[in-house]
Every structure is written in C-alpha cells, then in structure tokens.
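Here the structure comes first, spelled out in structure tokens, and everything after it is commentary.
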Protein chains: 2
Amino acid sequence: MDPHLLRTYVTVARLASFSGAARELGYTQSAVSQHIAALEADLGLPLLARRPVAPTPAGERLLEHAGALLLRIDAARADLDRFAAAPRATLTVAASALALHPRVLAALPATGVTLRALDRDRVPGAVATGEADAGLVDGVAAPSDPLRLPDVAPFAATRVAEEPLAVVLPAGHPLAGRRGLRLTDLVDARWLDAPAAGIALDRLRAVHGGPAGRGFRAALRYEGSDPRALLALSAAGHGLALLPLPVAEGVPGAVTVPLVAPRLVHRTELLLPAAPAGQAEPGGRLGEFTRRLRG
Amino acid sequence: MDPHLLRTYVTVARLASFSGAARELGYTQSAVSQHIAALEADLGLPLLARRPVAPTPAGERLLEHAGALLLRIDAARADLDRFAAAPRATLTVAASALALHPRVLAALPATGVTLRALDRDRVPGAVATGEADAGLVDGVAAPSDPLRLPDVAPFAATRVAEEPLAVVLPAGHPLAGRRGLRLTDLVDARWLDAPAAGIALDRLRAVHGGPAGRGFRAALRYEGSDPRALLALSAAGHGLALLPLPVAEGVPGAVTVPLVAPRLVHRTELLLPAAPAGQAEPGGRLGEFTRRLRG
DNA sequence: CTCCGGCCATCAGGAGAACTGATGCCCGTC
DNA sequence: GACGGGCATCAGTTCTCCTGATGGCCGGAG
C-alpha cells in the first residue's frame with residue numbers, strides 16, 4: 001500500500017490509460033505497468049480491466065480509499081509545513097456558495113484577500129492542504145450540532161451564522177398558502193437536485209430518516225452554484241428547493257414557507273487548521289479576519 | 001511521508017526510545033535513527049528531542065496525523081481483503097458500553113458470536129480494520145442527526161435505538177425536584193468526568209456552545225466503563241452524570257431528571273463497512289444479525 | 001573526578017528495490 | 001490480413017535502504 005503506487009493507480013484510473021498516466025507522472029510506461037502489477041499482487045485482487053482500462057469492483061473501492069488517503073497525506077504535509085513557513089502576506093479564503101453571509105463579507109479585510117469559491121465538499125480539503133488559509137462552509141444541521149465535514153485533518157470549526165430554512169414553491173402550488181411545512185409533507189413532491197448550490201437530495205433523504213432511496217424524487221438537476229438560479233427554477237415550476245430563509249425571500253413568482261419539522265437550520269462555519277494546544281492565536285490578516293468574525 | 005517512516009516515528013515516540021523501537025520493529029537501531037533523520041529532513045523540522053527522547057511541538061502534531069493515516073491505511077487494506085476472503089464462520093461485534101441496548105441483545109444470534117467491548121472512539125477503527133465485522137456505537141446527538149464518528153473508512157451507519165437523556169443527581173440536590181432540566185442550568189455544577197462510560201465533559205461543552213474551556217467543571221474522574229458505577233458515584237454526591245433515561249432510572253439515592261434543552265438524545269447506531277453500490281446484502285451470521293436488528 | 005555503560009549519530013558496504021529501454025504480444029481497426 | 005496502439009515482460013543499471021561497526025555524548029556508580 002505504498003502511496004506512490006496508489007498515486008499511479010488513481011492516475012491510471014482517471015486517465016483510463018497506463019501510458020497516459022506514465023506521461024503525466026514522469027515515469028515510463030513500463031514503470032506504471034509494474035506499479036499496478038505490484039498493487040494487484042499485494043492485495044491479491046485484480047484492480048483494473050485492460051483494454052479498455054477500467055476499474056474492477058475492487059478497484060472502484062480502492063479508489064475511494066486512495067483518494068481519502070492521498071488527501072490526508074497532503075494535508076499532513078501542508079499542516080507540518082505551516083510550522084516552519086512564515087505567515088503569508090495574502091490571505092486566501094475558500095468558501096462554498098451559500099457561505100458568503102453578510103457577516104463574513106463585513107469581516108473580510110479590505111486588502112490582500114483572495115476569495116476562492118469551491119464546492120461544499122472541497123472546502124475542507126483546500127484548508128487541509130494549505131491551498132486556503134481558512135474556509136467557510138455552509139450546510140444543514142440540527143440547531144445545536146456542528147456540520148458534518150470529512151475529517152481529512154484536525155480542524156477547528158466555529159459557528160459564524162445560522163438561519164432558518166425555507167421551502168421555495170411556485171406561487172400556484174397547493175401548499176403555497178401554508179404558514180409552515182414539515183419535511184414529511186414533501187416526501188412525494190418533485191425537488192430540484194442541486195448538490196453544489198443548495199441542499200442535495202440524498203442529504204434530505206438521510207435527514208428524513210425513511211427507507212433509503214425512497215422519496216424526494218428529482219425533477220430538474222442543476223449543476224451550477226448560484227442560489228438565485230435555483231430560486232428562478234423553482235418559481236418556474238421545475239421543482240421545490242430548500243434554502244436559507246433570508247436567501248429565499250422576496251423572489252417574484254415564488255412563495256417561501258418556513259420549514260418547521262424536523263428542526264433544522266442552515267449554518268455557516270469558519271474552518272481553520274486546528275491550532276495545537278496552547279498555540280498563540282493567529283496573527284496577520286488571518287487573525288484580523290477571525291477576530292472580526294467572532295467579535 | 002513514507003508510511004514506514006511514520007510507523008517507526010510513532011513507535012519511537014510511544015516508547016521514547018530509538019533502540020526500543022528498533023527491537024519492536026525488527027530493525028537495527030541504526031535504521032531507526034536514519035528513519036527519523038529522513039523524516040526530519042523531509043519536513044524540514046525537528047520532530048524529536050533527544051535525551052530524553054520526546055516529541056517537539058511539531059512532532060506532537062505529526063503524531064495526530066500519523067495515527068489517523070496509519071489507521072486509514074490498515075482500514076483500506078482490510079476493506080480490500082474482504083473482497084477476496086470468504087465470509088468468516090464466527091461473527092465479531094465491537095460495541096461501546098452503553099450500546100448494548102436490549103434490542104441489540106435480542107438480535108444477536110445465539111451461537112458463534114464474539115462480543116468485544118471497546119471504548120467508544122475505538123469502535124469505528126475496529127470495524128474499519130476488520131477486527132470486528134460490525135460495530136455498535138452509542139453517543140449523544142440531535143434527534144435527526146447521525147452520530148459524529150471519525151471517518152477512517154466509508155461506513156454505513158443505521159439507527160438502532162434512541163432514548164431521551166436524563167441528568168442524574170443525588171437525592172438531596174437543590175435541583176432534584178425539577179420536572180426537566182436545561183443544560184444551561186447546569187453549567188456551573190460539578191460533573192463526573194467519564195469519557196468511556198458516559199458522556200465526556202468536552203462533548204458537553206461543545207454542545208452547550210459556550211466559550212471553550214469554561215463550564216462543566218470536573219469533580220471525580222471515572223476511567224471505567226460501567227454506567228452503574230457512574231450512577232452510584234452520582235448518588236454518593238461525587239458529581240452529576242448524563243445518561244440515557246432507561247439506564248438512569250430507579251437507582252436508590254439518586255434522582256433522575258429528563259434533559260429538556262437542548263433537544264438531545266442518546267442514540268445507538270450499527271456500523272458496517274459500507275457495501276459498494278449494488279453489492280448484495282451480507283449473508284451468514286452478519287446478515288442474520290443486521291436483518292433482526294432492522295426488522 | 002573518572003570510568004563505565006547505555007544510547008543515539010554517522011559511515012561504509014552490500015543486498016535488494018525500482019526505474020529505464022528494448023522487445024514481445026494482444027486486440028481493435030482499416 | 002496487415003498495421004498500429006497499448007500493455008506486459010525482461011535484463012540491466014541506478015539508487016535506495018538496511019546492516020554492522022565505530023564514535024561521541026551524557027548520566028550514574030564507585
């Protein structure tokens with residue numbers, strides 16, 4: 001299970017080519033072939049079908065592990081590098097689309113900041129590997145529970161903002177007149193599926209707790225990250241959407257109804273590489289930013 | 001960041017000795033010394049102080065990463081091995097102390113089962129590395145939220161049981177007459193600190209959401225795993241305890257008051273190595289167990 | 001104070017791993 | 001049926017990594 005072998009394996013799987021992976025990694029094709037053979041011999045399983053090159057079931061499984069593993073290695077290296085490196089002059093913040101809360105915008109220093117918009121699930125990785133100095137992630141959780149984030153490295157997460165959730169319906173929808181809605185009422189409705197911009201359907205199914213795979217059928221799938229696009233789509237009758245109440249309100253053609261059960265909120269969290277016990281507060285622009293966010 | 005080097009590093013750190021680690025790992029002392037030197041050169045940081053041998057701050061940090069990393073490597077290997085290996089005749093279940101819910105006990109097959117009691121945070125690792133075929137973990141969470149578990153490998157977690165939480169007070173306690181208690185009322189009380197048996201204090205502080213390190217002061221610390229010991233200690237006035245209501249009730253000398261805010265429950269979850277998409281349900285004793293647990 | 005013993009660092013040498021380059025083989029394509 | 005792209009295999013070389021020996025440092029005992 002040498003990381004080098006894993007790295008070649010994921011590259012081969014991604015490119016579906018031994019010789020392509022060799023070019024990308026700076027090896028000869030022969031070396032790549034030997035890497036894969038060594039991995040397969042080590043695990044005692046075929047990992048790739050040849051001609052065409054594609055992962056076997058076991059290979060698919062290894063891809064999941066390898067991705068997480070390599071990310072964690074990069075994270076560890078980046079984290080240790082922070083011990084030695086001088087603090088950078090410019091602050092890079094990775095943020096998911098709905099995490100740009102007014103409080104965040106107000107706290108950002110006026111100069112020397114790079115703001116990088118990423119998909120929700122890529123923000124922790126960016127902070128862990130040092131691509132960003134801090135992260136802002138949003139998500140849905142119970143009021144007193146932290147967001148569920150992949151733990152690629154030790155993080156310190158602090159709450160930045162919390163808003164109620166609301167269901168967005170087209171104006172003529174039968175449930176549009178309600179004062180509040182329960183998720184149970186909406187299991188059989190058609191939903192917009194927007195993993196990047198809003199709330200993914202599989203997350204809804206998990207929260208709802210019913211039998212896996214049932215309910216919350218997808219209508220249109222939206223692969224962008226703009227919540228206003230979601231609102232417009234919902235108003236046009238392409239499916240329901242679940243969004244933070246302040247974002248969802250006041251859109252022509254759409255009606256916003258607060259979600260009353262289960263008790264869930266939309267929360268934005270600040271993600272920092274966890275300081276070792278007894279470490280000083282961060283200085284420079286990062287310190288400025290975090291103090292203004294908290295204070 | 002070679003895993004071999006990390007393995008020797010954690011061993012050296014644990015034994016506080018180069019030559020001791022060499023003996024344990026089957027290397028010469030020279031090799032161990034070179035491993036550490038290579039790691040320190042690679043990261044550009046001193047990791048260990050010599051004479052006495054002890055980790056530097058950077059070394060402490062590396063220990064956190066290395067532990068998680070090595071565990072994940074073992075987990076990946078064990079997971080892939082399951083693809084090849086025949087299903088075992090005997091079923092091993094890892095469980096934390098409070099996860100032995102009556103429903104669980106009823107679902108266990110009559111023969112061929114090994115039940116291994118572990119600390120709460122070691123159960124996921126045991127399932128991931130294949131030491132156990134399934135895990136049962138308990139913990140505190142919001143009613144509709146899954147337990148927070150370290151993701152050393154892809155898991156499938158399903159809810160097994162959920163009970164309200166209750167505060168255990170000695171009979172004469174000023175708050176003993178209440179019908180319900182809020183966590184806020186109890187910030188300044190003295191609590192039993194029992195990471196293995198009950199609910200750890202740092203978890204309480206995190207749930208409460210107040211400033212880090214304040215509140216929920218520790219009285220006696222109990223390092224065993226028997227909840228009845230906790231109850232007895234609480235009845236004797238050694239501090240408050242937070243336990244599932246069914247466990248806490250009916251103990252002489254102690255009063256049980258339900259926790260009403262924040263809305264938290266004690267949940268037991270079944271932990272299985274995540275089946276690859278489209279994989280058949282587990283067979284044999286494991287299939288029998290999971291079906292009875294769910295059905 | 002000095003000697004001794006334990007412990008880590010360093011060095012040179014050798015076994016083995018790993019990569020390269022050449023060649024062979026298989027399959028899909030024209 | 002010939003061709004070509006692409007993976008497997010093999011031999012040779014390079015470089016890595018481990019061993020065994022040696023030296024220096026520190027602490028404890030006499």
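Proteins get letters first, then strands, A, B, ... in listed order; numbering begins at 1 in each. Please read all numbers here as calculations on a predicted model, not as lab measurements. The analysis underlying the following values was restricted to heavy atoms, covering all of them including side chains, and did not include hydrogens, waters or symmetry mates.
The nearest whole Å value for the distance from the CG atom in Leu25(A) to the C1' atom in dT20(C) is 16 Å. Atom NE2 in His35(A) sits about 11 Å away from atom C1' in dA17(C), given to the nearest Å. Regarding Leu48(B), its CG atom lies at a distance of 10 Å from the P atom of dC8(C), rounded to whole Å. In this structure, Ile36(B) places its CD1 atom 11 Å from C1' of dC8(C), rounding to the nearest Å. Remark: C1' of dC8(C) and CG of Leu15(B) are 15 Å apart, rounded to the nearest angstrom. One atom, CD of Glu40(B), and another, C1' of dC8(C), lie 12 Å apart when rounded to the nearest Å.
Interface residues of residues 2-13 of chain B facing DNA chain C, ordered by number: none; criterion, heavy-atom separation under 4.0 Å.
Asp138(A) and Ser96(A) share a side-chain donor-acceptor pair at under 3.5 Å.
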Can you give the donor-acceptor pairs under 3.5 Å from side chains of residues 13-27 of chain B to other protein atoms, not counting sequence neighbours?
{"unit_1": "Arg14(B)", "atom_1": "NH2", "unit_2": "Glu24(B)", "atom_2": "OE2", "d": "2.5"}
{"unit_1": "Ser17(B)", "atom_1": "OG", "unit_2": "Ser19(B)", "atom_2": "N", "d": "3.4"}
{"unit_1": "Ser17(B)", "atom_1": "OG", "unit_2": "Gly20(B)", "atom_2": "N", "d": "2.8"}

List the atom pairs, with distances to 0.1 Å, where a side-chain N or O of residues 32-40 of chain A and a protein N or O form a donor-acceptor pair under 3.5 Å, not counting sequence neighbours.
{"unit_1": "Gln34(A)", "atom_1": "NE2", "unit_2": "Ser30(A)", "atom_2": "OG", "d": "3.0"}
{"unit_1": "His35(A)", "atom_1": "ND1", "unit_2": "Thr8(A)", "atom_2": "OG1", "d": "3.1"}
{"unit_1": "Glu40(A)", "atom_1": "OE1", "unit_2": "Arg50(A)", "atom_2": "NH2", "d": "2.7"}
{"unit_1": "Glu40(A)", "atom_1": "OE2", "unit_2": "Leu47(A)", "atom_2": "N", "d": "2.7"}
{"unit_1": "Glu40(A)", "atom_1": "OE2", "unit_2": "Leu48(A)", "atom_2": "N", "d": "3.2"}
{"unit_1": "Glu40(A)", "atom_1": "OE2", "unit_2": "Arg50(A)", "atom_2": "NH2", "d": "2.8"}

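Phosphate contact (OP1/OP2 of dG5(D), side-chain N/O of Ser19(A), threshold under 4.0 Å): absent.
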Heavy-atom contacts, protein to nucleotides 21-30 of chain C, under 4.0 Å, summarised as B (base), S (sugar-phosphate only) or - (none) per nt, yield B----BS---
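The side chain to side chain contact (heavy atoms under 4.5 Å, CB included) search around Ala78(B) returns none, not counting sequence neighbours. For Asp79(B), the salt bridge (charged side-chain N to carboxylate O under 4.0 Å, His left out) test picks out Arg61(A), Arg82(B), with sequence neighbours left out.
Note on Val32(A): nothing from the nucleic acid sits closer than 4.0 angstrom, heavy atoms only.
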